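Note sheet for the following structure.
Each residue takes its place number in the sequence, starting with 1. For ligands, and for the atoms within them, numbers begin at 1 and follow the listed sequence. Computed from a predicted structure; not experimentally measured.
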Amino acid sequence: LAKVAIVGSGFIGRAWAISYARAGNDVALWDQDAGAPAAALDYIDGVLGTLNENGLLNGRSPAEVRGHMSAAATLEEALDGASHVQENTPEVVEIKREIYTRLDALAGPDTVLASSTSGILPSAFTEHLKGRARCLVVHPINPPYLVPAAEVVPAPWTDPAVVIRTRDFLIAAGHAPIVMKKEVDGFVMNRMQGALLQEAFRLVEEGYASIEDVDIGIRDGLALRWSFMGPFETIDLNAPGGVRDYVERYYPLFARMHETQQHMADWKGKLLDGIEVDRRTKLPKDKLVERQVWRDRRLMALAAHKRRAADEIGE
Ligand SMILES: NC(=O)c1ccc[n+]([C@@H]2O[C@H](COP(=O)([O-])OP(=O)(O)OC[C@H]3O[C@@H](n4cnc5c(N)ncnc54)[C@H](O)[C@@H]3O)[C@@H](O)[C@H]2O)c1
């Protein structure tokens with residue numbers, strides 16, 4: 001198995017460490033802030049037990065997974081022998097540029113340099129590098145040890161062999177890579193989330209439904225199927241004759257809707273004020289962290305359920 005260097009050991013760095021180590025890789029954590037890797041390992045110690053209780057450590061014990069992780073004192077030490085670097089520094093293009101310049105100078109020629117960036121295109125911080133062909137984005141959904149999908153996004157100059165190697169590495173670590181053919185703002189998942197949010201804001205802005213009812217439509221409606229099928233498989237199963245039959249039946253409806261979906265709601269003004277009041281009435285600000293813990297527990301239960309259901313019923 002491989003050695004992974006985690007560069008930037010905050011929220012996402014520490015989460016990737018769990019994901020990669022649980023697959024049996026050795027993981028070295030480094031951060032510009034000297035105390036961050038130790039803090040990340042403390043956090044990880046707290047999570048491994050719960051993951052184990054939910055059967056989410058690939059049959060390994062917490063101690064075994066933890067044994068694959070270490071804090072590196074220097075970037076050179078972290079990179080020594082690493083075949084995959086997962087970069088998780090702040091979402092600022094100048095920082096990405098600077099750290100990639102260092103990584104490209106220090107890492108061995110065959111090391112893949114993958115960035116977790118949520119929304120910066122890989123071309124924006126790798127163009128100037130000698131080793132730009134081994135650079136790409138691997139964008140996770142937080143936390144990657146519970147959410148398998150990760151977007152693999154090449155820059156125009158990324159070597160296709162690096163994309164394939166990264167895809168295979170992610171699959172071996174239990175991930176479900178989305179392999180993009182070229183870069184675009186929002187990659188795949190935020191583009192789809194963006195389309196849905198646009199409609200959610202519009203429905204509320206135009207007075208068709210309450211905030212709660214929009215949430216019900218996903219939480220107790222569409223997302224039940226979406227938790228194990230994508231939109232294309234969903235429509236293929238929603239008409240007796242499959243996807244073509246679905247389109248023949250419902251195309252006119254979707255075409256009519258499209259007419260009224262071509263403007264952006266004003267996310268920032270009175271609409272946001274109203275949404276915030278609604279949310280803060282349901283969840284006071286000082287309860288946000290508690291609720292995030294609840295969300296992660298629900299996510300863990302769902303991840304465990306999905307694994308079990310895939311084994312017992314089939315993918
Ligand atoms: N938080 C999320 O939900 C999420 C999801 C997907 C992707 N991401 C992406 O992951 C990246 C990191 O986000 P985060 O939420 O983990 O942030 P974070 O603030 O928790 O962690 C950033 C870490 O980088 C360190 N750092 C700062 N400058 C550095 C440098 N020059 N070299 C090395 N380390 C440095 C900081 O000390 C900190 O520990 C961002 O690009 C973000 O867009 C975040």
Exercise for the section: Using atom types as modelled and distance alone, determine if a side-chain donor or acceptor of Glu87 lies under 3.5 Å from a backbone N or O of Lys96. Expected result: no
Exercise for the section: Would you mind listing which atoms of ligand 1 come within a distance below 4.0 Å of any non-hydrogen atom of Trp30? Expected result: 32 (N), 33 (C)
Exercise for the section: In plain terms, say whether Lys285 and Glu276 are close enough for a salt bridge, that is, a side-chain N and a carboxylate O under 4.0 Å apart. Expected result: no
Handout entry: Lys/Arg N to Asp/Glu carboxylate O, Asp311 vs Arg307, below 4.0 Å
Key = no
Completion exercise
atom 31 (N) of ligand 1: closest protein heavy atom, distance to 0.1 Å, is Gln32 OE1, 3.0 Å
Handout entry: Closest protein heavy atom (residue, atom, distance) for atom 14 (P) of ligand 1
Key = Phe11 CB, 3.8 Å
Exercise for the section: Tell me which protein heavy atom sits closest to atom 3 (O) of ligand 1, plus the residue, atom name and distance to 0.1 Å. Expected result: Asn142 CB, 3.3 Å
Exercise for the section: Would you confirm whether any non-hydrogen atom of the protein falls under 4.0 Å from atom 19 (O) of ligand 1? Expected result: no
Handout entry: Closest approach of any protein heavy atom to atom 4 (C) of ligand 1, naming residue and atom
Key = Ile12 CG1, 3.3 Å
Handout entry: Within-4.5 Å side-chain heavy-atom neighbours: Lys182 and Val184
Key = no
Completion exercise
If you scan protein heavy atoms around atom 38 (C) of ligand 1, the nearest is Asp31 OD2, 3.5 Å
Exercise for the section: Ignoring hydrogens and angles, state whether a donor on the side chain of Glu64 or His68 is under 3.5 Å from an acceptor on the partner side chain. Expected result: no
Handout entry: Polar atom proximity, Pro140 to ligand 1 (N or O, under 3.5 Å)
Key = no
Fill in the blank from the handout: If you scan protein heavy atoms around atom 8 (N) of ligand 1, the nearest is Ser118 OG, 3.2 Å
Handout entry: Lys96-ligand 1 polar pair, N/O distance under 3.5 Å
Key = yes
Problem - Result of checking Arg97, Lys130, Arg134 against Asp104 for salt bridge (Lys or Arg N to Asp or Glu O under 4.0 Å) - result: Arg134
Fill in the blank from the handout: Smallest heavy-atom separation, Ser118 atom then Asn190 atom, equals O-ND2, 4.1 Å
Exercise for the section: Please work out which of the three classes, parallel, tilted or perpendicular, describes the rings of His175 and Trp16, given edges at 30° and 60°. Expected result: tilted
Practice task
Identify, by atom number and element, the atoms of ligand 1 in contact range of Ile99, meaning under 4.0 Å from any of its heavy atoms.
Solution key: 32 (N)
Problem - Heavy-atom donor-acceptor pair, Asp31 side chain to Asp33 backbone, under 3.5 Å - result: yes
Exercise for the section: Would you indicate whether the side-chain heavy atoms of Arg60 and Arg22 approach each other to under 4.5 Å? Expected result: no
Handout entry: Location of contacts on His139 toward ligand 1, heavy atoms closer than 4.0 Å
Key = side chain
Fill in the blank from the handout: Among non-hydrogen protein atoms, atom 27 (C) of ligand 1 lies closest to Pro90 CD, 3.2 Å
Exercise for the section: Out of Val147, Ile95, Thr89, indicate the one that has the non-hydrogen atom closest to atom 32 (N) of ligand 1. Expected result: Thr89
Exercise for the section: Mark up the atoms of ligand 1 that fall under 4.0 Å of a heavy atom belonging to Asp33, in ascending order. Expected result: 37 (O)
Exercise for the section: Tell me which protein heavy atom sits closest to atom 41 (O) of ligand 1, plus the residue, atom name and distance to 0.1 Å. Expected result: Glu91 OE1, 2.6 Å
